[in-house]
Amino acid sequence: MSQPRVRFAPSPTGYFHVGGARTALFNWLFAKRLGGVFVLRIEDTDRERSDETWTAGILDSLSWLGITWDEGPYFQSARRGLYDAATDQLFNSGHLYACDCTREAIDARTKGAATPGYDGYCADRGLARGPGSALRFRVPDSGETVVHDIVRGEVVFANELIEDFIVVKSNGDPLFVLANVVDDRDMEISHIIRADEHLPTTPKAILIWQALGGVALPTFAHVPVLVNEKRQKLSKRRDRVAVQDYRALGYLPEAMVNYLALLGWGPGDDREILTVDELIDEFRLEDVNLSPAFFDEKRLAHFNGLYIRALPVAEFVSRLAPFLDGETAPWPDDRLDMAVVEALAPLLQERIATLAEAAAMLEFLFADPFVPEEASVTKVITNDQSASAILLEAATQFAEIDWTPAALRSAVESISDGLGQRLGKTQGPIRVAAMGRSVGLPLFESLEVLGRARTLARLHEALHRI
RNA sequence: GGCCCCAUUGUCUAGCGGCCUAGGACACCACCCUCUCAAGGUGGAAGCACGGGUUCGAAUCCCGUUGGGGCUGCCA
């Protein structure tokens with residue numbers, strides 16, 4: 001195969017969701033392996049619904065995922081001349097006719113009709129083009145249009161069941177099916193890899209393509225859509241699955257890419273963690289599944305945790321930094337101390353599935369004022385008989401020992417032995433008093449970085465409250 | 001309604017006629033490890049939608065049924 005040219009052609013009518021990202025990824029992987037060209041085209045022919053902010057979100061999300069484009073972004077809104085020229089050609093060659101039927105009139109006429117869709121009322125009226133009338137494509141009454149699809153094989157559509165569809169609105173604006181074909185031809189797209197939802201309209205695209213003539217049809221590959229828990233196609237309006245949201249939650253782009261690649265495709269063996277290079281090397285459209293896949297956040301989180309733990313500590317810290325800073329951080333700006341974060345980073349890495357989870361675990365270090373969680377205080381300190389003795393003894397011993405995790409541990413162990421209870425139980429009141437929560441990073445390492453002065457102050461503060 | 005697509009555990013998948021008493025992973029449960037929580041380890045429960053064919057042999061091929069989805073817009 002000579003150098004393939006693929007395109008990703010989103011419409012900027014809503015936030016960019018993971019389904020679009022998956023389609024983009026499949027296109028990109030396919031192009032990369034074969035040394036092809038990945039074209040990015042923004043399909044903003046619908047002036048009512050398109051918006052620049054959505055475009056920015058698409059570009060931003062693709063960049064974040066590392067899905068780079070070789071050409072574009074092209075904007076259909078800037079390519080109107082091409083569509084007009086194609087419209088002229090098709091109209092002059094008789095493939096298009098003007099139609100001034102209203103939706104209501106069509107519905108009234110076709111109620112109970114044998115063949116679905118538009119009834120061809122204007123097909124032979126010879127109406128002139130112009131404002132107020134749309135342009136319809138004259139679909140052959142017989143024969144069939146076959147879609148040759150890498151993923152699905154041959155899909156056959158009977159022409160008589162395809163209505164004379166509109167390609168240009170009555171205000172002159174081209175519709176998706178026309179602009180899409182004109183651009184794919186103009187950009188010399190060789191492989192159209194897109195979501196399954198487009199399969200039913202593909203014969204229309206093929207008909208237009210052939211009517212325009214001169215350029216060989218591209219190869220199609222319709223990949224299964226991504227669905228929600230109710231197994232409905234992911235929707236921008238209904239489902240909260242924006243790529244940017246996952247980014248904001250602290251998912252790593254490499255984890256997202258890995259996970260997305262495995263939705264509808266697999267390497268053929270038991271491997272699940274694959275580098276981008278491995279994906280590029282092994283991805284095959286022929287191996288893409290046929291059935292819709294559910295986007296499972298739990299599984300994504302698992303992948304993310306794996307990727308977070310695999311990060312070198314320094315890299316982890318630098319990736320984490322943005323999530324501890326700024327308005328989302330639960331502490332004043334000037335309190336953050338990255339040296340302290342770095343000291344606890346390895347312990348943190350093992351405990352979070354997303355970067356945004358780190359803040360809650362570090363809050364005891366930077367929060368100002370420090371306020372222990374009420375429910376934990378009640379449960380582990382107020383309602384526990386031995387809590388005051390533990391806190392008092394800890395405060396006494398902590399004032400004198402070496403300030404190291406090992407010394408802290410043996411101090412608490414001695415208190416534990418004296419009480420005849422497990423270390424796990426004894427550390428509870430101390431943890432809540434000093435760290436504010438009953439769960440979190442390991443106690444002794446945490447106290448070490450908290451420092452003796454603050455630890456003692458918090459133990460005494462807790463004692464006062466009892 | 002019509003057309004089209006799809007169908008392996010709750011989920012993502014391996015399987016492309018014998019290697020399958022169906023493999024891996026997420027989630028779930030139990031146990032181990034353990035200063036909490038995680039992480040890690042071990043084990044467990046859980047699936048070829050149904051019915052006909054074809055074949056010596058079917059999760060794998062064919063047909064039908066059922067179920068789910070998509071399209072059916074002067075959206076993309």
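Model, not experiment: these values are computed from the prediction. The figures that follow rest on heavy atoms only: side chains count, while hydrogens, waters and symmetry mates do not. Lettering follows sequence order; numbering is per chain, from 1.
B:G10 and B:G47: their C1' atoms are spaced 11 Å apart (whole Å). Using C1' as the reference atom, B:A7 and B:G64 are 15 Å apart when rounded to the nearest Å. If you take atom C1' in B:U66 and the same atom in B:C75, they sit 33 Å apart, rounded to whole Å. With both ends at atom C1', the span from B:C4 to B:G40 equals 48 Å, rounded to whole Å. B:C61 and B:C5 have their P atoms separated by 16 Å, given to the nearest Å. Here, B:A46 and B:U11 have their C1' atoms 12 Å apart, quoted to the whole Å. Look at the P atom in both B:U60 and B:C19: the space between them is 13 Å, to the nearest Å. With both ends at atom C1', the span from B:G67 to B:C48 equals 16 Å, rounded to whole Å.
A heavy atom lying under 4.0 Å from RNA chain B marks the following residues of residues 102-110 of chain A, by number: A:R103. Contacts between residues 280-296 of chain A and RNA chain B, defined by a heavy-atom separation under 4.0 Å, are made by A:N289, A:L290, A:S291, A:P292, A:A293, A:F294, A:D296. Of the residues in residues 352-366 of chain A, none has a non-hydrogen atom less than 4.0 angstrom from any atom of RNA chain B.
Side-chain to base pairing of A:R351 with B:C37: one donor and one acceptor N or O lie within less than 3.5 Å of each other. Interface remark: the A:Q232 side chain does not form any donor-acceptor pair with the B:G70 base, using a distance-only criterion of under 3.5 Å. Checked by distance alone, A:Q427 brings no side-chain donor or acceptor within 3.5 Å of a matching partner on the base of B:C37. Between the base of B:C74 and the side chain of A:S170 there is a donor-acceptor pair shorter than 3.5 Å.
Among the nucleotides B:C74, B:C5, B:C35, the one closest to any side-chain atom of A:D196 is B:C5. Closest to the side chain of A:K233, from the set B:G23, B:C71, B:C35, is B:C71. Taking the side chain of A:F176 as heavy atoms from C-beta on, and the options B:A76, B:C4, B:G23, the nearest nucleotide is B:A76.
No side-chain donor-acceptor contact under 3.5 Å links A:Q232 to the backbone of A:N228. In terms of modelled atom types and a separation under 3.5 Å, the side chain of A:R7 and the main chain of A:V39 share no donor-acceptor contact. The backbone N or O of A:T404 lies less than 3.5 Å from no partner atom in the side chain of A:R409, so there is not a single donor-acceptor pair.
Using cut-offs of 30° and 60° for the angle between ring planes, the A:H95 and A:F137 rings count as parallel. Between A:F220 and A:H222, the ring-plane angle classifies as parallel under the 30° and 60° cut-offs.
Distance CG/A:L419 to CD1/A:I390: 5.5 Å, rounded to 0.5 Å. Between A:E43 atom CD and A:N180 atom CG the span is 4.5 Å, to the nearest 0.5 Å.
Taking the charged nitrogens against the carboxylate oxygens, A:D296 and A:K298 have no contact shorter than 4.0 Å, which rules out a salt bridge.
At the heavy-atom level, A:H198 lies under 4.0 Å from base atoms of the strands shown. Residue A:E43 is in sugar-phosphate contact alone, with no base atom involved, counting any heavy-atom pair closer than 4.0 Å across all strands shown. A:S416 comes within contact range of no nucleotide atom at all, as no heavy-atom separation falls under 4.0 Å. Heavy atoms of A:R231 sit under 4.0 angstrom from primed sugar atoms or phosphate atoms, though from no base atom. Among the atoms of the strands shown, base atoms are found under 4.0 Å from some heavy atom of A:I166. Contacts of A:G305 with the nucleic acid, taken as non-hydrogen atoms under 4.0 Å apart, are absent. Note on A:R152: only backbone sugar-phosphate atoms sit closer than 4.0 angstrom, heavy atoms only; bases stay farther off. Counting non-hydrogen atoms under 4.0 angstrom, A:G117 reaches nothing in the nucleic acid. Note on A:F444: a base of the nucleic acid sits closer than 4.0 angstrom, heavy atoms only.
Considering only heavy atoms from C-beta on, A:T354 stays 4.5 Å or farther from A:L252 through its side chain. With contacts defined as side-chain heavy-atom distances shorter than 4.5 Å, the pair A:T55/A:D44 does not qualify.
With a 6.0 Å cutoff to the six-membered ring centre and a 45° limit on the axis angle, A:R437 does not count as a cation-pi contact of A:F364.
Partner assigned to B:G10 is B:C26, using Watson-Crick or G-U wobble distances below 3.5 angstrom. Across all strands shown, the partner of B:C3 is B:G70, judged by Watson-Crick or G-U wobble contacts whose two distances both fall under 3.5 Å. In this entry B:G64 has B:C50 as its Watson-Crick or G-U wobble partner, both defining distances falling under 3.5 Å.
Proximity of A:K298 to the phosphate of B:G10: no side-chain N or O atom is located under 4.0 Å from OP1 or OP2. For the OP1/OP2 pair of B:G73 and a distance below 4.0 Å, the side-chain nitrogens and oxygens of A:K169 include no atom meeting the criterion. Side-chain nitrogen and oxygen atoms of A:R422 include at least one within less than 4.0 Å of the OP1 or OP2 phosphate oxygen of B:U36. Between A:T426 and the phosphate of B:C35, there is no side-chain N or O to OP1/OP2 separation shorter than 4.0 Å. OP1 or OP2 of B:G40 lies within a sub-4.0 Å distance of a side-chain N or O belonging to A:R309.
Atom OH of A:Y121 is surrounded by 12 or fewer heavy atoms from other residues, nucleotides or ligands within 6.0 Å. Annotation: A:K169, atom NZ; neighbour count of heavy atoms from other residues, nucleotides and ligands within 6.0 Å is above 12. Atom CD of A:E52 sits in a sparse spot, with 12 or fewer heavy atoms from other residues, nucleotides or ligands closer than 6.0 Å.
If you check the side chains of A:D384 and A:S386, you find a donor sitting under 3.5 Å from an acceptor.
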